[in-house]
Amino acid sequence: MPEWLQAGAWGLLAGSALLIGAAVGFFARVPRKVVASIMAFGAGVLLSAVSFELIAEAHEQGGLLPTVIGATGGALAYTGANVLLARRGARHRKRSGGEQPSEQEQPGSGSAIAVGALLDGVPESVVIGASLLTGGPVSLVTVVAVFLSNVPEGLSSAAGMRRAGRSRRYVFALWTAITLISGIAALLGHTLLGGAPPEVLATITALAAGAILAMITDTMVPEAFEDAHLLVGLITVLGFLTAFALSHA
């Protein structure tokens, strides 16, 4: 199978977890403490992947300066876009309770939530596609980490959408589209960055890492703390160690 097609397939696989999580969150009445605990585990998994896969890989490829520039730029870009989306009703797109506004409460919030979901998922997929450019196989740790973190993201967000009165068609059209775009983003990450010098690859990898880290802090951690605050630290560490163990297996 050509590498570009492999990249798209791996991105699609990781993104499919969003749809799986959304189905569980929409149709099952999962207790909020369980949702928060799963989100804490997913946050720990992603934190480990960012630390030991993305940032470490960027530093190895291009050194400290491209890594710092990329990570800072990714965090700034994500935060700026997130601020704009928050003003349009997407602030609580990952929350499973009644925090998400309905379309009647804030017109246009549905579109903002859709764009926010896209903003959260694209950096992860680009990294999956770019990981094939090093000449080896795709980073399975990154794919597994993104998959494991996408399940609670989709679950929590879909549960919140259901509470806000959004239709089944809206919820599943959104997450199906994000799943497909995840595959396309991974494919583009591989295609557009092919032949780029190591410093550029390092900067792009670090940029995605910075955006992911900002996303974890801004959208995943608040949901985790909401109902599992006494255990969230332990659960997050378990997720972190799970991904760490996979990267050193």
Side-chain angles (χ1 to χ4, degrees), residues 12 14-43 46 78-125 146-185 211-212 214-229 232 235:
L12 191 64
S16 68
L18 288 167
L19 193 55
I20 294 170
V24 175
F26 192 86
F27 292 114
R29 297 301 189 265
V30 183
R32 290 197 63 191
K33 284 191 175 182
V34 174
V35 175
S37 298
I38 297 173
M39 187 68 86
F41 185 86
L46 268 187
Y78 179 88
T79 301
N82 201 42
V83 167
L84 293 176
L85 290 170
R87 293 173 180 170
R88 289 162 173 77
R91 178 72 182 89
H92 300 297
R93 59 185 177 275
K94 290 281 200 308
R95 306 301 294 274
S96 61
E99 298 88 355
Q100 288 188 31
S102 65
E103 199 65 26
Q104 290 72 33
E105 293 169 333
Q106 188 164 355
S109 58
S111 299
I113 288 172
V115 175
L118 181 63
L119 175 68
D120 296 339
V122 166
E124 303 165 346
S125 301
V146 172
F147 188 94
L148 290 178
S149 64
N150 277 347
V151 172
E153 287 185 50
L155 190 158
S156 181
S157 186
M161 291 174 187
R162 185 193 66 226
R163 286 176 179 267
R166 303 195 187 282
S167 69
R168 181 187 305 179
R169 177 180 295 180
Y170 169 86
V171 172
F172 288 98
L174 170 62
W175 291 114
T176 299
I178 299 301
T179 297
L180 294 174
I181 291 171
S182 295
I184 294 171
I212 293 169
M215 182 272 290
I216 295 168
T217 307
D218 196 75
T219 64
M220 296 182 74
V221 171
E223 174 68 12
F225 269 97
E226 182 70 21
D227 286 301
H229 56 91
V232 69
I235 296 170

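All of these numbers come straight from a predicted model, not from anything done at the bench. Computed from heavy atoms alone, side chains included, the values below leave out hydrogens, waters and symmetry copies.
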Problem set entry | Residue pair Val35 / Glu223, side-chain heavy-atom distance below 4.5 Å | yes
Seminar exercise, completed: Smallest heavy-atom separation, Ala114 atom then Ile178 atom, equals O-CD1, 4.2 Å
Problem set entry | Tyr78 side chain reached by Pro123 side chain, heavy atoms, under 4.5 Å | no
Exercise. Taking atom CZ of Arg95 and atom OG of Ser156, what is their separation to the nearest 0.5 Å?
Worked result: 7.5 Å
For this session: Work out which heavy atom in Ala158 is nearest to a heavy atom in Val171; give both atom names and the distance.
Result: CB-CG1, 4.0 Å
Problem set entry | Atom of Thr217, atom of Pro222 and distance for their closest heavy-atom approach | O-CD, 3.4 Å
Exercise. Which one of Arg93, Arg91, Arg87 satisfies the side-chain hydrogen bond (donor to acceptor under 3.5 Å, both in side chains) criterion with Asn82?
Worked result: Arg93
Exercise. So, Ser149 side chain and Ala43 main chain: donor-acceptor pair closer than 3.5 Å or not?
Worked result: no
Exercise. So, are Arg163 and Glu99 salt-bridged, with charged N and O less than 4.0 Å apart?
Worked result: no
Problem set entry | Side chain proximity check, Met220 to Leu46, heavy atoms < 4.5 angstrom | yes
Exercise. Hey, is the main chain of Glu153 close enough, under 3.5 Å, to the side chain of Ser157 for a donor-acceptor pair?
Worked result: no
Exercise. What distance do Leu119 atom CG and Leu85 atom CG have between them, rounded to the nearest 0.5 Å?
Worked result: 6.5 Å
For this session: To the nearest 0.5 angstrom, please state how far the CD1 atom of Ile235 sits from the CD1 atom of Ile38.
Result: 9.5 Å
Exercise. Do His92 and Pro101 touch side chain to side chain, with heavy atoms closer than 4.5 Å?
Worked result: no
Problem set entry | Pairwise side-chain contact, Leu174 with Met161, heavy-atom cut-off 4.5 Å (strictly under) | yes
Problem set entry | Closest heavy-atom pair and its distance - Asn150, Leu18 | O-CD2, 3.5 Å
Seminar exercise, completed: Between Glu105 and Gln100, the two heavy atoms sitting closest are OE1-O, 4.2 Å
Exercise. Quick one: CD1 on Ile181 to CG on Leu118, what's the gap to the nearest 0.5 Å?
Worked result: 5.0 Å
Seminar exercise, completed: Minimal heavy-atom distance between Ser102 and Ala164, with the atoms involved, is CB-O, 3.1 Å
Exercise. Which residues satisfy the ring-ring contact (aromatic ring centres under 6.0 Å, His included) test with Phe172, sequence neighbours excluded?
Worked result: Phe26, Phe27
